[in-house]
Amino acid sequence: MITSLALLSLLSSFFVLSASAATADQWRGRSIYQIITDRYALPEGADPTACNTADQTWCGGTWNTIRSNLDYIQNAGFTAIWISPVNQNYIGPRTAYGDPYHGYWMADVSQLNAKFGTADDLKALSDELHRRGMYLMVDIVVNNVMSTTQSLNLSSYFFQMQNEYHPYCPVDYSNLTSEQNCWLGDTKVYLPDVNTQDATVVDAYGTWIQQLVQTFNIDGLRLDAAKHVNADFWPGFCGKAGVFCMGEVYDGDVPSAAAWQGPQALDSILNYPLYTALIAGFTIPGPGNMSGLAEVVAQSKELFHDTGVLGNFLENQDVPRWHNQSVDPQSMYNAMTFAFMSDGIPIVYYGQEQGFSGGSDPYNREPLWPSNYANSTGYQLVTTLNQLRNFLVNGTTGWLTSPVQVLTTSPNGISIMKGNVVSVLTNIGSPPANTSVAVYTPWDNSLATIDILTCRQWAVGSNGTVEVQYTKGGVPVILVPDSQLDGSGLCGHATTLQAKSTTSLSSGAADLGIQRPTAITTSILFVILSLGLFMFNV
Ligand code: ABC
């Protein structure tokens, strides 16, 4: 006869499990805001002028300051956040690359990173996100630890046996075995490679990630340096985690990147092939390679297991800000519209919505607080893109799972259609231009459509053509049949989702009708249980 305690813990672990086991399908309709925890918000009274990216040191952001500034993210329509790694980092003298303010320099992963807060702080952040119907994605580093020397002081790590690490060799990127068994980093800061082929390591990592996910109710994982770990490690690891896994495969080539998505490896990867093609298509000045972008879309649909859950981004902590590579704001606005209106989960890197323009690491990790979290043009565009996408995900059927198709490409533009939404995008830039593009849509003549970004009416012409003039400059255009906007809250249409979206709705939940057990329901069920046990005198 199972004891009361065993039964209780079984039941409570069931609730924890059910509460956070977010799958790829539940993430498909989400929109992610990526945060460098140290750089998002300061505690009350902190000096807002003290943070200088060149110093490569801590500026003061924590899990608590994220929690107390979630409105800025939720009001922009995001339904998930991705935060920096949460585990203990190197503690020691400053290195040639400064201090581990970014969270990637692992020491003992079984401990939390006290620089960002306590276990209760991380739980509080997770609970507050879930109260708002938002998901928590945590960055996880299993490929390596960090060391200032080639010989490891094993006592400072989770794995303390020499054979649990691969011997030192620098990564040779032309050789897969070297990429997976040699050490990232360099001789100033070593990143000793963990032996993820070792059975003890595999088991310990499995138990560790299961506990971390359950303890903090994590909904998804961003897996650092995923291509530097043997692919067959991931299904077991993610199985143990029981949540959506998005791997970092820093590779712009579709065939080699696509090999990392699927039952043999990962649920998803960061879409570096799309990033590389968006840069080549939309940066000004730039190659303006729109046909290359169309090619990547076609190849991706053919080779990726599921383009709908790939992570679409324009910026992150490893690449220069978009505005550093392309000053004209319209180039980012058009590229961002592509990322939101195509297949995949849109990811916005903090500060992108404020037009930050830092260069390579460390200059692309600027503090956000000097922006005063302003309702900037970029912030407004992101908010509208999220509002439309959340409506298409929750208020319509079929948009999320209908594969994107390229309607037209030209040297200065590309038009895509997903579901019944046509996006006409260009790289001609801000200056008004006496040019236009004709887009052939499958729509009937005289169909009334609305451009979501200007709320202007557009009538479809003969043969389903829509003519886009650039007399006001190269702004993105998103056309939706007017009749399909009821309930969206956009362009004067009533809203049926507004109330839900700011409270409990999560893009996935609406579709699948799953409501997270709130604290109240859980405790009621708990009381019923303990009553039951009492009655049965178990
Ligand atoms: C520190 C300094 C840097 C200095 C570096 C040596 O040391 O700050 O200035 O250059 C963390 C910190 C960094 C820190 C590093 C090392 O640790 O955030 O500040 O840099 O100490 C992940 C994370 C990243 C993190 C680490 C390490 C890994 O996102 O933030 O860095 O934990 C490779 C890895 C990738 C890694 C990335 C930084 O390096 O694969 O996991 N990112 C080619 C290779 C890629 C390689 C990339 C950049 O170059 O194929 O594997 O990424 O080095 C495309 C091609 C790509 C090609 C790119 C360049 O061009 O398709 O294949 O990528 O067209």
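Atoms within each ligand, like the ligands themselves, are counted from 1 in listed order. Index from 1, following the sequence. Not measured: the values here are computed from a predicted model.
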Seminar exercise, completed: Any heavy atom of Asp318 under 4.0 Å from ligand 1? The part involved is side chain
Exercise. Going by distance alone, is a donor N or O of one side chain under 3.5 Å from an acceptor N or O of the other, for Gln317 and Gln34?
Worked result: yes
Exercise. Any N/O of Asn144 closer than 3.5 Å to an N/O of ligand 1?
Worked result: no
Exercise. Contact between His228 and ligand 1, counting heavy atoms under 4.0 Å?
Worked result: yes
For this session: Taking atom 53 (O) of ligand 1 as the reference point, report whether a protein heavy atom occurs under 4.0 Å from it.
Result: no
For this session: Considering only protein heavy atoms, determine whether one is less than 4.0 Å from atom 2 (C) of ligand 1.
Result: yes
Exercise. Can you list the atoms of ligand 1 that are under 4.0 Å from a heavy atom of Asp361?
Worked result: 2 (C), 3 (C), 8 (O), 9 (O), 13 (C), 14 (C), 19 (O), 20 (O)
Problem set entry | Per-atom contact, atom 10 (O) of ligand 1, protein heavy atoms, under 4.0 angstrom | no
Problem set entry | Region of Arg222 engaging ligand 1 - heavy atom pairs below 4.0 Å | side chain
Exercise. What are the atoms of ligand 1, with element, lying closer than 4.0 Å to any heavy atom of Ala225?
Worked result: 41 (O)
Problem set entry | ligand 1 to Lys227 polar contact by distance, N or O atoms, under 3.5 Å | yes
Exercise. Judged by atom type as modelled, is there a donor-acceptor pair below 3.5 Å linking the side chain of Asn364 to the main-chain atoms of Arg321?
Worked result: no
Seminar exercise, completed: Short version for Leu191: what comes under 4.0 Å of ligand 1, heavy atoms counted, is side chain
Exercise. With atoms numbered from 1 as shown, which atoms in ligand 1 lie under 4.0 angstrom from a non-hydrogen atom of Gln56?
Worked result: 8 (O)
Problem set entry | Any protein heavy atom < 4.0 Å from atom 28 (C) of ligand 1 | yes
Problem set entry | His166 versus Gln180, side-chain donor and acceptor atoms under 3.5 Å | no
Exercise. Where on Asp224 is there a heavy atom closer than 4.0 Å to ligand 1, on the side chain, on the backbone, on both, or on neither?
Worked result: side chain
Problem set entry | Backbone or side-chain N or O of Tyr250 under 3.5 Å from ligand 1 N or O | yes
Exercise. Is Thr276 in polar range of ligand 1, meaning some N or O pair under 3.5 Å apart?
Worked result: no
For this session: Give a yes or no on whether atom 63 (O) of ligand 1 lies under 4.0 Å from any heavy atom of the protein.
Result: yes
Problem set entry | Any Asp251 heavy atom less than 4.0 Å to ligand 1 | yes
For this session: Please verify whether a non-hydrogen atom of Tyr272 lies at under 4.0 Å from ligand 1.
Result: no
Problem set entry | Those atoms of ligand 1 less than 4.0 Å from some heavy atom in Asp186 | 6 (C)
Exercise. Does the protein place any heavy atom closer than 4.0 Å to atom 49 (O) of ligand 1?
Worked result: no
